[in-house]
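Notes to accompany the following structure.
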Amino acid sequence: MSVLPQHKYPLRSLNHVHSCLRRCTVVLRVTCSATTKPRLNQSQQVIEPRFEKSPDQLVSPASPPLLNDPSLQSTWSQRVWSASGCATVMFSLAKAIVGAASSHVWLEPVLAGYVGYLLADLGSGVYHWGIDNYGDASTPVFGAQIEAFQGHHKWPWTITRRQFANNLHALARAITFSVLPIDLLCNDPIVHGFVALCSGCIMFSQQFHAWAHGTKSKLPPLVVALQDVGVLVSRSQHSAHHRPPYNNNYCIVSGVWNQFLDKHKVFEALEMVLFFRLGVRPRSWSEPSMEWIEDTETASQVAVQ
């Protein structure tokens, strides 16, 4: 009885060697035929990406702009569009002033301008809410802006690095095409009072937005004063938009509409309508992902600011 185990284990070991050789042969055969691109099984398809990318990269593949990144610098085409937008707005404002002076009617153009200022803030909030909650980079027309605003939640401090024309050129282009025909065809000072203030505030809303992310000590004193009195959106008010649940304080011109819209849950009502009509869920209904959680600046980035 004691002899059988002695023969048994060597035989098992030999079989084990042969099986190992067979498995090794299979492995070598797969390796040699890798150039023929064999179809991967399901386990390989799941495991391989884990070695190529970290979990954080899989959630948020984008990365913040580098210091002195060319994407934050103004190009000549951006400067031209920003200049043309400013020119059309100033021309409309000049026609409003000249028309009011010649007709000796000042109250109506001033009131029209004030209404334009209020509607610009409301419009900025509606637009901001829409691109924050719906669509993605592949959305026609608005895809680039949607991607930019969603990336802004991840790295909000980058907006303070953008040069003036780089920040405004997209809105300036839209203002040029929409306001220029009014400048050429209309001479009513009331219309121009409304158009000049509304279009001007819309075009500069991104600059107001950048100032809302700025440090008080580094902002121009006039800007700080206008923020403190509520003419421009304040830093404290807009900072609430970048804290969970990320579904309030959308307006970025003066912020005068934010309290009303949030208190009466206007955007939440619109989200319910869109959901029941179209079956589309807004991003604000989901738990914030890594794309929404703010990354802080590094020490070197703070030093450059």
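Along the sequence shown, residues carry numbers from 1.
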Quick check against the 3.5 Å criterion: does [X] have a side-chain atom that pairs as donor or acceptor with the backbone of [Y]?
| X | Y | value |
| --- | --- | --- |
| S74 | N166 | yes |
| R281 | E271 | no |
| Q145 | F142 | no |
| N167 | Q206 | yes |
| D262 | N249 | yes |
| K95 | H192 | no |
| W257 | L118 | yes |
| Y117 | V231 | yes |
| S92 | V89 | no |

Distance in Å, [X] [atom1] paired with [Y] [atom2], rounded so as to fall on 0.5 Å steps:
| X | Y | atom1 | atom2 | answer |
| --- | --- | --- | --- | --- |
| M203 | R173 | CE | CZ | 13.5 Å |
| S82 | I175 | OG | CD1 | 11.5 Å |
| L168 | H209 | CG | NE2 | 12.5 Å |
| S199 | D183 | OG | CG | 8.0 Å |
| I131 | D136 | CD1 | CG | 13.0 Å |

Sequence neighbours excluded, which residues qualify as side-chain hydrogen bond (donor to acceptor under 3.5 Å, both in side chains) partners of [X]?
| X | value |
| --- | --- |
| T139 | none |
| Q207 | none |
| T88 | none |

(message) In terms of relative ring orientation, are Y250 and F267 parallel, tilted or perpendicular, with 30° and 60° separating the classes?
(response)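 Rings of Y250 and F267: perpendicular, over 60°.
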(request) Using the six-membered ring wherever Trp is involved, compare the ring planes of Y134 and W129 and label them parallel, tilted or perpendicular (cut-offs 30° and 60°). (result)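 If you compare the ring of Y134 with that of W129, the planes turn out perpendicular.
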Of the non-hydrogen atoms in [X] and [Y], which two are nearest, and what is the gap between them?
| X | Y | answer |
| --- | --- | --- |
| P189 | A100 | CB-N, 3.6 Å |
| S103 | G99 | OG-O, 2.8 Å |
| F204 | C86 | CZ-SG, 3.9 Å |
| V233 | A212 | CG1-CB, 4.0 Å |
| G193 | A96 | N-CB, 3.6 Å |

Are [Y] and [X] connected in a single hydrophobic cluster, I mean Ile/Leu/Val/Met/Phe/Trp/Tyr linked by side-chain heavy atoms less than 4.5 Å apart?
| X | Y | answer |
| --- | --- | --- |
| L119 | V191 | yes |
| V256 | V224 | yes |
| L278 | F275 | no |
| L274 | V266 | yes |
| F194 | L107 | no |

(request) With S284 as reference, evaluate N133, N247, D132, N248 under the side-chain hydrogen bond (donor to acceptor under 3.5 Å, both in side chains) test and give the passing residue. (result)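 Of N133, N247, D132, N248, side-chain hydrogen bond (donor to acceptor under 3.5 Å, both in side chains) with S284 is met by N133 alone.
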Are a donor atom and an acceptor atom from the side chains of [X] and [Y] found within less than 3.5 Å of each other?
| X | Y | value |
| --- | --- | --- |
| S124 | S205 | no |
| S217 | T215 | no |
| W211 | Q227 | no |
| H241 | H128 | yes |
| N258 | Q237 | yes |

(message) Quick check on E147: does its CD atom have over 12 non-hydrogen neighbours (other residues, nucleotides or ligands) under 6.0 Å away?
(response)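 Counting neighbours around CD of E147, 12 or fewer heavy atoms of other residues, nucleotides or ligands fall under 6.0 Å, so no.
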Counting C-beta onward and ignoring hydrogens, is there a side-chain heavy-atom pair between [X] and [Y] closer than 4.5 Å?
| X | Y | result |
| --- | --- | --- |
| M272 | R277 | no |
| V195 | V179 | yes |
| Q78 | Q163 | no |
| R235 | H213 | no |
| L180 | L184 | yes |
| L261 | L122 | yes |

(request) For a ring pair (Phe, Tyr, Trp, His ring centres under 6.0 Å) with W81, tell me which candidate from F164, F177, W76 qualifies. (result)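 One option only clears the test, and that one is F177.
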(request) Answer with yes or no after comparing the ring centroid distance for F260 and H264 against a 6.0 Å cut-off, counting only values under it. (result)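 Centroid separation for F260 and H264: below 6.0 Å.
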